[in-house]
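Okay, so here's the structure we're looking at.
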Amino acid sequence: MKIAIPAQGDNQYAKTSARFARCSHFVIYDSTSLTFYAIENSAIKAQSGAGIEAVKQLASEDVTVVIAPHLGPKALDALDALSIKPYQYDGQPLVREVLYKYFEKDVKELHYATQTHV
Amino acid sequence: MVNIMREIAVISGKGGTGKTSLLLNIIPYFDDLVIADCDVDAPDLHILLAKEIYKTRDFIGFKRPSIDDTLCNQCGICKTMCRFHAINDDYTLKQGACEGCQVCAYVCPNNAITMHDYIIGSLFNRHTNFGELIDARLIPGEESSGKLVSEVRNIAREEAIIQKKDTILIDGSPGIACNVISSITGVDLIVLVTEPSMSGFHDLKRVLTLIKIFSIPVKIVINKYDLSLEKTAEIKEYAALKGIDVILEIPYDNQMLASIQDCVIPSLTQTTFFQSSAWLTFIDTIKKNA
Amino acid sequence: MKLAILSGKGGTGKTMLSVNLFSYKNHAVLLDCDVEEPNDHLFIEGRLFHKELVTKQYPVVTETRCIHCERCGDFCQFNAIVPTKKRILVYEELCHDCGGCKLVCPTNAIRYENKAVGTITSIMTPTNKQLIYGTLEIGEISGVSIIEHVKKQIQPDQYNIIDCPPGTSCSTVEAVQGADYAIIVTEPTVFGKSDMAMVVELLDKLHIPRGIIINKADLLYDHIIEEYAKDNNISILGKIPFEKTYAKELANGNTLLHNKEFLNAIQHITTQLDGEYNA
């Protein structure tokens, strides 16, 4: 599985970013190969709709989990629609530390309250 | 190599509260700076800061329709279907009405309409004594100013990465709509400049509501606070209620205005206010919170 | 008569001039088109006599009819409708209400519902003058449709004062277009002059005659504007000096007509204006 973490840099020792849609990078952990890699977040350039653009990028990388300190309702909606599970952490850890939190189950699963679509 | 960059936006809601002047006063206190003038309707920073423009880019807004006379049989379907009444009776485009939706091109039965890129403004790179300045000029009357603001910020970010600068200072525009939204999304800190007047307070509340929607940290500066001590107190009370810090109160100062008129940054030449602990603490607070 | 008041730079005194001119005239209609931050109503006493919502439409998708062809997403220029495998996401604030997504949908799975984007409020003063102002819903990206609605309240046989938004982009165009005359309120500063030049360019495009009022006038600096006006053949209708007392009164939401000097300035301006407009 692939886990994405919004970050201020391009590696596992980077600081995490509080801004999901407009972070400079997503650092992605691939649990199959046990490696980290990063993608530049193209949504940072978007005038509007940055949230969905960020989520679409992650979906195209086959990410299935996102861990961020803050995810608004629109981001949650988009993540749900693209089948990516959202989690939340507290504090300002480094990217690598967030992963530890995830595996130690020290993160909170977020739920999106689905609207009634006809 | 990636550097950690912080973005600080100075906005006001109401125009004329002194946001541009404040930004100018803040600039000399940052060493590694890129400055983004996002007030694209009325870009003013370059007047005090810049030497010449060394790079110009044209900016394309959304596409606009072009009607081929030879294919058009004047059936009028495009006019009927355009929800913005942007096509005149003579099949010319009405100034400022077209929103670039492309419905007209879709519905034309004769394929007489094609969409074309349209230049709505220009973006400029300028050198200043304090760092790169990116500003833009929207051709008066044009749309897509929000998009142009986003582009100013994108270029500012690119320059900050290339030149290894760690701070981008953004001069926002008045109001609460697309220009302002594009100026503040994703910034690390908003410095909100207000004045103690009925209009100022009214507009402050509206822009704070906008900022809340975007969940961005904000600090308030009250400019010309001695214009009305009662209103200043009212604003401070309101801010406290909302859990927002008022981090600076600036007195009305003729000397500051005079400096700006002489195209000199007040904080560089005037000593009284800018050596006060209030001012220096303010600078410190901004740096710590961004 | 449709008189537009605009400035380019914010904070030069559009509202000040609009509300004081409105108060000065025996018969007038004031239309506050600065719908992002409307302020005129803070200065005018009156009773509320009408309020209405301005709405726009946004798409709602019937998922059972949707075949996920994604034509709606491909067509939308504004990223307001975004198809995903599970369902169609709609971003109402981004929707420009163009009707395109419904047109391209092959299975008629899209219908439109209404969303309030602002309000129009009408106030009647004790002397039977009307103030109409628009207020944009916070979070919406454009006030243009609200301004359109405010301007529908223009009364053709009356003296309509249109208080325009600052700047020169689409909101200002919507407010100022169709005006018979435009007053540019500026301040004698380098910023004021620079921003005024952009407004003049806009007025040239729209073919609207104009005059200048120098607000916060100062003997030392007025020349900045006077030189510009002379070079560009624009009349200066009058000056209102900078007075801290004026600023304080305005800060408290009061008009200034009780002040003799100010009243004289307004009288002079209206005389000049009549002369200009009839010329």
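Given the structure is predicted, the values throughout are model-derived calculations rather than measurements. Here is how names work: the chains are called A, B, and so on, in the same order as the sequence lines, proteins then strands, and each is numbered from 1.
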task: For side chain to side chain contact (heavy atoms under 4.5 Å, CB included), just list the numbers for B/R153 and B/E7, CA-CA rounded to whole Å, side-chain angles, deciding distance to a tenth of an Å, and then say yes or no.
output: CA-CA 10 Å; B/R153 289 190 56 194; B/E7 294 183 82; 3.0 Å; yes
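Between B/K164 and B/D32 there is no salt bridge, since no side-chain nitrogen of the basic residue lies less than 4.0 Å from a carboxylate oxygen of the acidic one. The pair B/E142-B/R64 counts as a salt bridge, with a side-chain nitrogen and a carboxylate oxygen less than 4.0 angstrom apart.
When heavy atoms are compared at a cutoff of 4.5 Å, B/I216 approaches chain A by way of both its backbone and its side chain. Heavy atoms of B/S182 lying under 4.5 Å from chain A belong exclusively to its side chain.
Ring geometry, A/Y29 versus A/F36: the interplanar angle falls from 30° to 60°, so the pair is classed tilted.
Contact tally against chain A (heavy-atom pairs below 4.5 Å) for B/C178, B/S215, B/S150: the top residue is B/S150.
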